[in-house]
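Notes follow the structure.
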Amino acid sequence: MSIADTFGKAKAEGRAVLVGCMPAGFPTVDESIASMVAMAESGCDVIEVELPYSDPVMDGPVIQKASDIALAGGVRTRDTLRIIEAVANAGATVVLMTYWNPVERYGVDAFARDLAAAGATGMITPDLIPDEAGEWIAAADRYAIDRTFLVSPSSTDERIAMTVAQCRGFVYATALMGVTGARTAVSSQAPELVARIRRADPDLPVGVGLGVGTGAQAAEVAAFADGVIVGSALIRCVLDAPDRGTGLDRLRALSAELAEGVRANKPS
Amino acid sequence: MSAPTFPDLAGHFGRYGGRFVPEALVRALDELDAAYRSAKVDPVFQERFTGLLRDYAGTPSLLYRAERFSAAIGAEVLLKREDLNHTGAHKVRNVLGQALLAKRMGKPRVIAETGAGQHGVASATAAALLDLECVVYMGAMDTERQALNVARMRMLGATVVPVTNGSRTLKDALNEALRDWVSSVDTTHYLLGTAAGPAPFPEIVRDFVGGIGTEARAQCLTQLGRLPDAVAACVGGGSNAIGIFHAFVPDEQVRLYGFEAGGDGVATGRHAASITGGSAGVLHGARTYVLQDSDGQTVESHSISAGLDYPGVGPEHAWLHDTGRARYEPVTDAEAMAAFQLLCRTEGIIPAIESAHALAGAQRIVPALTAELGRTPTIVINLSGRGDKDVHTAGAYFGILDEVETIVPGENS
C-alpha cells in the first residue's frame, strides 16, 4: 500500500498510523526480516527499515548499538535492499530511513531505482535537508519514491513551509530537540510543532517521532498527529531479550500495545 | 582560478562543503552565521579578538629562519612558530574567536570534541578565560592514551566525557558532540576544532586561524623582501593548513603543499590520508574527501599523530585539491618521525608529530623544486604545534624511555 493510502485508510478509521523502526541486519539479516514481519503482523502499519551507518548523529544509544551490531555482522547496502524486498513481499508497507552518505556512495539515481524495485514506497533522510537535496528530489520523482524530510521544534515557519513543500507521503516531525530514544514523557513541544506544520500544509500527513515508547504515549501523540513513529523501544525488545523467541514475543506485544494506542482516540 | 571570496552563500566550496545535518541544527547554524557576519564587521569584536591574540595568545608568532635544518634539507626554510603560542599550537586562535562568538550569541555553554586532547585543552582554556561552561567529548580510547590532557582540561574547569560507542576515537567524539548539540542548541555553542563540519564552520575556523597566513606573508615581505616559493603544512581536518594557505591563495607563484598522515603507507590501508587515499563523500555535516568503504561506511583512520588521525578533511582542502591550487601528498609515520628527530637535533625545537609531517613533506619536495626553479627554494613550513604532548609517543617510538618510578602524591622522590 502506498504511504498516502496508508494514511488515508487510517484517517478513515479515525486513528493514527503506526510506524515501527528496525535497523536492517540487526542482529542478522534473517532475524531482522523476522522482526519486521512480526511487527507488521502485530499492528505496525508501516515498517521503517533503518540502513545501519557508522556515524548516525541523529540516533541515541539504542539505535547506535543495534546499528553497530548489524555492521559488525557484515550487513551491506545490498542486504538492506534485500531485507526491504522480503518485508514488502510479506505484505508490509516499507519506507527506508538512511543517512545520506551510503546513498551518495551507491549512486543517487541507482539507489532510488533499486529501492523502488525492492518495493519501498518512501525514504526518510535524517541528515539531508531539502537545501542539499536537489539530486535526491529529482531521483525520487523519477522512481516515485515518497520523500520524507524532518522538521524540528527549532525550525522557523519559513523552513517548515519550504520543507513540507518538498515532502511527499508524510513529513517527520521530531517531537523534541534531541536524538532518537524512548523518553518517560511525550514532549510538550510536539503539539505546537504539528500545529505549525498544519498551518503550512493542512493536507500533508504528519508523523511524530522521538521519545515515544508505550501504548499510552502513542495514544497521546495520536490525538494530535497522523502518524506515530516508534524505534528505540521496539529495538530494545530484541536487544534486551535473553533469547530470540522472547525478543519476538516482546516485539509482538509492544507492537500490539502501540497499535491499540494509535486507536485509543477512535470515535466509537 | 580559486577566489578568496569562497565559499558561496550556502557554504559550498565548489561541490564540497554545504550542510548535511539534521534539520534541528539549521537554526543554530543560521544563528552562528549571522553572528559571525556581524562580528566580522564589528570593530569592537575585532579589537577584542586581536587584543586577546596579541596579549594572551602571544601572536603574531615568529617566522624563524631555521639555518641548520635548512642546510640539512637543502632549502631555505622559514618556520612559522605557532608552537610558541599559548597552549602550544595554532588552535588557540580558533578557540578564542569562537568563544568570543559564543559570548556574543549569549550562549553560556560550549562543547567541543577532541582527539588527543589539544583542542579540548584549548577550548577549556578559552572557556576559563571567558567564563563559559565547557564540556569536552573525547573517545574512551583517547582518554586512556592521553590521561595528562584529560587532567589539564579538568584543571581548567572543563568536564570531560569519555565516548564509549563506535570506534571510541575522534570521529565518535564528534558524533557525540553533535548529538549533545541537537539537544542543547538554545544554550550551547559547538566549538568545532577544525575547518570542517557544516557551513559556516569551515569558513569561520579558516578566518579565525587565517592570521597565520597573513602574518607569514607580511613577515616574508619584511624579512626576505619577497614571497616564498612554497608553503607547507600538515593536514588532518586541515585548520592549520587552511590558516596558512588562505592568504597565499591569490599568489599563484607560491606553491601550496598539504601533507596528510600516511600512517603505515596509503597502500597498506592503515592511514589517515583522506584526499590522497579516500574519495568524495559526506561526513560530519559536509561533502568532502572521506575514508570510506564501497558502501559509504566510514573507515577507521590510522596515524602515529593523534591530531591527524581523522577520516575526513575540511571541504576547502577538497576544493583546493580538485582545482589544483594546492597539492596534497601523504607522509608516513616513519618519514614524519625522521623529520621530527631532525628538527630536534638541528634546531633544538621539539615539534608536534602533526607538524613533523609538514617538515618531512617539505624535505621531500626540495629536489624537484630546486630543479624546477634552478636555485635553492624558499619554503615556509607551518610549525603548527609543539611536541611536549608527544614526548611519550616519540620516546616510545625511538626506544629512549627509561622505566619511570610511580609518583606518590605528597611524597618527594
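Per chain, numbering begins at 1; letters A, B, ... match sequence-line order. Hydrogens, waters and symmetry mates play no part in the numbers below; they use all other heavy atoms, side chains included.
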Among the options [options], pick out the one with the most heavy-atom pairs lying under 4.5 Å from chain B.
{"options": "Pro56(A), Ala133(A), Gly60(A), Pro153(A)", "value": "Pro56(A)"}
{"options": "Ser152(A), Pro130(A), Ser54(A)", "value": "Ser54(A)"}
{"options": "Leu71(A), Thr163(A), Asp68(A), Val103(A)", "value": "Leu71(A)"}
{"options": "Asp55(A), Leu128(A), Val179(A)", "value": "Asp55(A)"}

Hey, does the side chain of Asn101(A) reach the backbone of Gly296(B) with a donor-acceptor pair shorter than 3.5 angstrom? yes
Chain A: which of Asp172(B), Val182(B), Asp180(B) shares the most heavy-atom pairs with it under 4.5 Å? Val182(B)
Which one of Asn165(B), Asp293(B), Val282(B) has the most heavy-atom pairs closer than 4.5 Å to chain A? Val282(B)
Structural part of [X] lying under 4.5 Å from a heavy atom of chain B:
{"X": "Leu176(A)", "value": "neither"}
{"X": "Pro102(A)", "value": "both"}
{"X": "Asp131(A)", "value": "neither"}

Would you indicate whether [X], at its atom [atom1], is surrounded by more than 12 heavy atoms from other residues, nucleotides or ligands within a distance under 6.0 Å?
{"X": "Arg142(A)", "atom1": "CZ", "answer": "yes"}
{"X": "Lys103(B)", "atom1": "NZ", "answer": "yes"}
{"X": "Arg105(A)", "atom1": "CZ", "answer": "yes"}

What is the distance from atom [atom1] of [X] to atom [atom2] of [Y], rounded to the nearest 0.5 Å?
{"X": "Leu25(B)", "Y": "Ile129(A)", "atom1": "CG", "atom2": "CD1", "result": "9.5 Å"}
{"X": "Gln64(A)", "Y": "Glu176(B)", "atom1": "CD", "atom2": "CD", "result": "6.0 Å"}
{"X": "Ile160(A)", "Y": "Glu23(B)", "atom1": "CD1", "atom2": "CD", "result": "8.0 Å"}

Apply side chain to side chain contact (heavy atoms under 4.5 Å, CB included) to the pair Glu104(A) and Gln292(B), showing each step before the final yes or no. CA-CA 12 Å; Glu104(A) 191 153 304; Gln292(B) 56 184 331; over 6 Å; no
Sort Ser184(B) into side chain, backbone, both or neither according to what part of it lies under 4.5 angstrom from a heavy atom of chain A. neither
The interface call for Val185(B) against chain A, heavy-atom contacts under 4.5 Å, is side chain
Only pairs at least two apart or in different chains count here, so list each side-chain hydrogen bond (donor to acceptor under 3.5 Å, both in side chains) that has a residue in residues 167-189 of chain A. Asp59(A)-Thr180(A)
Which pair of heavy atoms, one from [X] and one from [Y], lies closest together, and at what distance?
{"X": "Arg159(A)", "Y": "Val26(B)", "value": "NE-CG1, 3.3 Å"}
{"X": "Val57(A)", "Y": "Arg179(B)", "value": "O-CG, 3.2 Å"}
{"X": "Ala24(B)", "Y": "Met177(A)", "value": "O-CE, 3.6 Å"}

Considering residues at least two apart in sequence or located in another chain, which fulfil the side-chain hydrogen bond (donor to acceptor under 3.5 Å, both in side chains) criterion with Gln98(B)? Asn94(B), His189(B)
Where along residues 283-290 of chain B does a heavy atom come under 4.5 Å of chain A, listed by residue number? Leu283(B), His284(B), Arg287(B)
Per-residue contacts, residues 106-120 of chain A versus chain B, heavy atoms under 4.5 Å: none
